[in-house]
Structures are given as C-alpha cells and as structure tokens.
Amino acid sequence: MSVKTHLPVGHEAIRDKGLIRAHKYLILRRLSQTFFLSLFLLGPWFGIWWVKGNLSGSLTFEVLPLTDPFILLQGMVAGHWPEMTALIGALIVAAVYALIGGRMYCSWVCPINAVTDTAAWAHRRLDLPKGWQPKKNTRYFVMAMVLVVSALSGAVAWELVNPISMLHRGLIFGVGFAWTFVVAVFLFDLFVARRGWCSHICPVGAFYGLLGNRSLLRVSAEKRAACDDCMDCFAVCPEIHVITPALRGKDEDTPLILSPDCTNCGRCIDVCSVDVFHFTNRFDDTPAPGRVRARPKQTRKIGEAA
Amino acid sequence: MSAKPAQKMDPARRRFLQDAARGTAGCAVAGMGLMWMVQDARALPDRAIRPPGALPENDFLASCIRCGLCVRDCPYDTLVLAELGVDGAATGTPFFTARDIPCEMCDDIPCVAACPTGALDKGLTDIDDARMGLAVLIDQETCLNALGLRCDVCYRVCPLIDEAITLERRHNERSGHHAIFMPTVHSDKCTGCGKCEKSCVLPDEAAIKVLPIRVARAPSAEHYKLGWEENNPLVDEIIDLPDRLPGSGTDNLAAPGGFEAEGAFQPTFKLPTAEGAGQ
Ligand code: SF4
Ligand code: SF4
Ligand code: SF4
Ligand code: SF4
Ligand code: SF4
C-alpha cells in the first residue's frame, strides 16, 4: 500500500469493497429517510393512518405521541405551557436522540438532508470553491437567536422559516411556496457556502447536536493505523473537523469521534477502503494504536471530482 | 493583564472579540428580520377562521406546533394548514374558510381532542360554547330577506336556530304592507361555525359572513351606564342612576318628564318653535 492512488473520492472503496458495501450506510440512510417520510404519507396517500401529523408532532397507532422538542421549547419560551401529550412526545424524542446521537436526526430522518447532500455532491462534481464559511459556532448563535426571538415575540419563531418543516409539511399536506425555501437551501449550499446550511446555520441541527452530546452510539476510527491518507472520509464527511482528533490521534487518544457535530451518517465508514471506521458505543475502549509512519503533508485537493 | 498598557491587543483576543461582535451583529440582524416576520404572521386575514377552542391569536402562535393533527381528525375536512404564500395565516397553522367548508360543530370536538399542545383549548367541552368567530349580516342591500323576500336559508341551517340567529320582523317600508324578516345574529349564542355563510344563496360572496370576533365586535363602552339594565349602580351600592319619570315625552331633553303632566317641569325659557324643540 505504498503507491498513493489518486482515484476520485470513493472509487478506492468501490474497487476494494464493491459498489454496495461502499455505499452501505448511504443506502440505509436514504431508505431510512424514505421510510420515515412514507410512514407519514401512508395516511394521506393510501388511507392507512398508522402515523398522523408530521415531524413537528405526530401520533402513531393512535397511542404514541411524538413531538419535536425544539419546536416545543420555542413555544415554552414564548410563554405557552403545553399539554401533557406534547410534553411526553417531546421527552420520548429527546430520550431517543440522546441515546443514539442527536444528529442522527439530521442524517437519518431530516428530509432536508437529501437536499443538502445532493448540493454537496454537485458541489464536489463541479469542483466549486468552498465559498463563504460561517464561523464554527454560527449555528449556536442562530439557535440562541431563535429562542430569544421566540421569547420576545411570544411566538414559535423558527417555524416561520424552517425549511425542514416546510418541506415535510409540504409533502404531506400540500406545498405552497415552501419549495422556494428548499431551493434556497440547495442554492446556498451549492454556490454560497459548501455544506453551509446543515453544518453551519441550521439551529435544529444545533439543538439535536446538543441533545446527543453524551450519546451512546459513536463512530470510532479504531483501525486508524491502517489509514493511507486518501482523504476520502474528509471529502464526504459533512462535518470534517470531527474526524481529525480521532483519526490523527496518538496511541493514547481515543479513536472515538466524540464531537456532537458528527451526524452518525456512516459515510466515512462507507468510503474508507481500508475499513478504518465503524460504529460502536462511547464506552468502547478497544486499544487503537495511532499511525506509526510519518507521512508527507497531504496536498491533493479534497474537492476533486467523485 | 499585561504590565504594559495594551497598545496592541493580543491577536487571538482581538480575533475572538471581532468574531463575537460579528456573530452577535449578524444574529441581531437576522433576529430582527425574524421578528418582523412574526409580527407579519400575526396579521391573520379576516376570512381565515381558527378551529374551535383556538387560543387568542397571540397565544395560538406560541402554542401551535403546526402538526396538523387537528386537520387529520376533522371528519369534514373543514380545517386546512396554511400554505406559505397561498393562504394568509401563519404558515402551517390550521384554519378554515367558512364559505368553502364550514365547521359542522361535532359533539365530541375531535379537532380539540387531537391537539397535543393545547393550542386548541381542552377546556372547550361543549361545542356550543365555541367562539370561532361571529356571523354578521354584512350586506343588508343584497340579502334576500333584507329585500323583503323570504329566503331564510342562513336561519334554517344554523345549528342553533332561533338562538344564534333569529328572524326579526319589521315593517317593509317599500311595499307598505309586508314584513321583512331580518336575519339577526346574537353574539352570546353564535359559535362562528360558518354554516350560514356557507349556505347563503347569493352567488360568490355571502351576505352573511363569519368574521373574527376582534373584527365583528366593537368593545363595549364600559364607562357608559345603561340605565335599563338593572343592578348597575354608578358606584356599587352607593350611587344609583336617577330614574326617569314616567309619562310621555320622558326622553324629550327639552322637557324631561313631559310638558303635559300636571306640575311637571317647566323650562325657564322656551325655544322659538315647538318643532324646533330639542333639535
Ligand atoms: S442540520 Fe438541519 S437541515 Fe441539516 S440535516 Fe440536520 S436538521 Fe436537517
Ligand atoms: S465522522 Fe463519519 S459518521 Fe460522522 S458525520 Fe462525518 S462521515 Fe458522518
Ligand atoms: S368541530 Fe368538527 S367539523 Fe368543526 S373543525 Fe372541529 S372536527 Fe372539524
Ligand atoms: S393539532 Fe394543535 S398544535 Fe397541531 S396544528 Fe392543530 S392546533 Fe396546531
Ligand atoms: S341565506 Fe343569504 S340571502 Fe338568504 S337570508 Fe341568509 S344572508 Fe340573506
């Protein structure tokens, strides 16, 4: 493995693991996103009312209430104490994401994810410059801003512009001009800022990130010693900065990706031809030696076509 | 703090302060934009009627999470969620348009039961207590009953017939010997379901419309004392309003109590003509 290959992003993995295994989690994620959307569409399209409502709030099998905790929180700071049903629904959702990683919502459920992933893919194909990159903490600022505006105005503020609920509600209840917000997010990610929306702005992602701060399910770079610096994981990861500490860590550093920004999307697992990454739990302390060989600084542009 | 007065600020610290200032400023600008949108969303159009039990609009916008469960459980497809740019209500919130599909006033109020947040108040248990809006006979020039014909449709479809809406008989001045049966809505009973508006026989717009209470009703002038309402003393238990004297002309300001009565009040000076009196 001494000859450095310069194949486009992901091609080594496809060559070594096959097309399916090199897209395993991507396929599973798209299935999961489609699954959650179809659950909501079964009713309006086929009259099978297993699930009623939308991602903001729903009722499954007439018993299980689920509520988006961030929306409920906005209502609460706006001065409305909700009924028990909504509270219980929000607690269930919060508990699940606290266990499996809050941003699992982003990569496995949120319908906007497919939009921004497509934008990122097109961005890579067109080899566009990464553009304006808002500061790392911007999304937390936005989240705080949303809560402040909710409190001051006494209304659930983010729902007036939230492209997630607009798209989701639009698909289920009928679309007005909601699509403009979705197109705006796509164009923003494509031409203004690479991975701009999900990785820098979206307060919902920020909120779920905080929720999953101590989550159990984590990706680990356990076989980091095998890393051949192809940089493919950095190219596909929506939150590049979370990889470095784990992958480039020394023997004594944890190989676990502990940053709450990681969306547990598993794309790094897919795209790594030498299987450095895998899913595990946060208490996994299997020894993971760091890389031994010192390598020359990587120069290849990560934006090269996939 | 360094010993020397800081001529040059530590670059890291300066960058931090700059970033913080920029972030705060950016969010302030975005926040103001959002604030403006919230205010804008408050302008609920008059034809968008909230479901039964809906909290007052300001509270409603704080409590409705736009899940559409009320919409799903409405058996008559009355309720819809507002779509961005199409309907005027805050995007995603439920409302209905009475002229399209009115509320059928279900006994078990499934929309209220479905609402997980209490945006539709669970305290509403009798649908007759709902106040979604108030029907108003808004066009008295085209309403067939007001023209002296007998249409009565709005009156007949009202679930609270003879309570929320009555036909008030009055003289038909035009023909001189017929009656006009004026549809008259009573705010203490009308639920605002919109069945009258829906069924008004006029093409396109109805002559009777359900309007939001805030539009339909003028606030009562609390400082006026209505002398004909009993037990309404000026100051409780202390000062009572003077009672009018009986007899004809008691409402004649020029001669309270009337001119005819023996020993009645006589004005100290008389206006030039009897016809001009009180004008
Ligand atoms: S960051 Fe926001 S828009 Fe992106 S996937 Fe997460 S919740 Fe959805
Ligand atoms: S580190 Fe891996 S799992 Fe986490 S966001 Fe990046 S690609 Fe996805
Ligand atoms: S009372 Fe019945 S008809 Fe009226 S809005 Fe509610 S569910 Fe629909
Ligand atoms: S059920 Fe309640 S929270 Fe959901 S859309 Fe209707 S009013 Fe809003
Ligand atoms: S249905 Fe319309 S036209 Fe007929 S009486 Fe009522 S308001 Fe008038």
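What you are looking at is a predicted structure, and each value in this text was computed from that prediction instead of being measured. When reading the values below, keep in mind they use all heavy atoms of this one structure, side chains included, and skip hydrogens, waters and symmetry mates. Throughout, a chain's letter reflects where its sequence line sits, starting with A, and its residues are numbered from 1.
- Of the two parts of B:Asp73, only the side chain, counted from C-beta on, holds a non-hydrogen atom closer than 4.5 Å to a non-hydrogen atom of chain A.
- Atom CH2 of residue A:Trp81 and atom OG1 of residue B:Thr117 lie 13.0 Å apart, to the nearest 0.5 angstrom.
- Side-chain N or O atoms of A:Asn54 include one that pairs as donor or acceptor with a backbone N or O of B:Arg66 at under 3.5 Å.
- Summarising the geometry, atom SG belonging to B:Cys27 is positioned 5.5 Å from atom CE belonging to A:Met145; distances are rounded to the nearest 0.5 Å.
- With a 4.5 Å cut-off on non-hydrogen atoms, B:Cys70 does not touch chain A at all.
- Looking at B:Leu61 and A:Val156, their side chains never come closer than 4.5 Å, going by heavy atoms from C-beta outward.
- Contacts of A:Trp179 with chain B are absent, with no heavy-atom separation under 4.5 Å from either backbone or side chain.
- Ranked by heavy-atom pairs shorter than 4.5 Å toward chain A, the options B:Cys115, B:Cys67, B:Ala114 are led by B:Cys67.
- No more than 12 heavy-atom neighbours from other residues, nucleotides or ligands sit within 6.0 angstrom of CG on B:Asp107.
- With sequence neighbours left out, B:Arg15 forms a salt bridge (Lys or Arg N to Asp or Glu O under 4.0 Å) with no residue at all.
- Few gaps surround CZ on A:Arg248; more than 12 heavy atoms of other groups in view lie less than 6.0 Å from it.
- Annotation: side chain of B:Arg72 is in contact with side chain of A:Ile172 (closest heavy-atom distance under 4.5 Å).
- The shortest side-chain heavy-atom distance between A:Arg169 and B:Thr91 falls under the 4.5 Å cut-off.
- Taking CG from B:Asn58 and NE2 from A:His80, the interatomic distance works out to 13.5 Å, rounded to the nearest 0.5 Å.
- For the set A:Pro82, A:Ala86, A:Gly43, the entry with the most heavy-atom pairs within less than 4.5 Å of chain B is A:Ala86.
- Within 6.0 Å of the CD atom in B:Gln18, the count of heavy atoms belonging to other residues, nucleotides or ligands exceeds 12.
- With a 4.5 angstrom heavy-atom cutoff, B:Val80 does not touch chain A via any of its atoms.
- Considering only heavy-atom pairs separated by less than 4.5 Å from chain B, the leading option among A:Pro44, A:Ala78, A:Ala155 is A:Ala155.
- Interface residues of residues 58-66 of chain A toward chain B, defined by a heavy-atom distance below 4.5 Å and sorted by number: A:Ser58, A:Leu59.
- With a threshold of 4.5 angstrom between heavy atoms, B:Thr24 approaches chain A through its backbone and through its side chain.
- The part of A:Val161 that comes within reach of chain B is its side chain, from C-beta onward, which places non-hydrogen atoms under 4.5 angstrom from that chain.
- Annotation: maximal heavy-atom pairing with chain B below 4.5 Å, among A:Gly53, A:Ser56, A:Ser153, A:Gly57, occurs at A:Ser153.
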Criterion side-chain contact (heavy atoms from CB on, under 4.5 Å) on A:Phe173 and B:Glu83, from CA distance to verdict: CA-CA 9 Å; A:Phe173 287 88; B:Glu83 288 178 28; over 6 Å; no

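- Using a 4.5 Å cut-off between heavy atoms, B:Leu81 touches chain A through its side chain atoms alone.
- With values rounded to the nearest 0.5 angstrom, B:Met35 atom CE is found 9.5 Å from A:Ser150 atom OG.
- If you measure heavy-atom distances from A:Leu87 to chain B, you find no contacts under 4.5 Å at all.
- Rounding to the nearest 0.5 Å places OG1 of A:Thr85 at 5.5 Å from NZ of B:Lys122.
- For a residue to count as touching a neighbouring chain, one of its non-hydrogen atoms must lie under 4.5 Å from one of that chain's; by this rule A:Thr67 touches chain B with the side chain only.
- Among B:Pro116, B:Gly23, B:Ala30, the residue making the largest number of heavy-atom pairs under 4.5 Å with chain A is B:Pro116.
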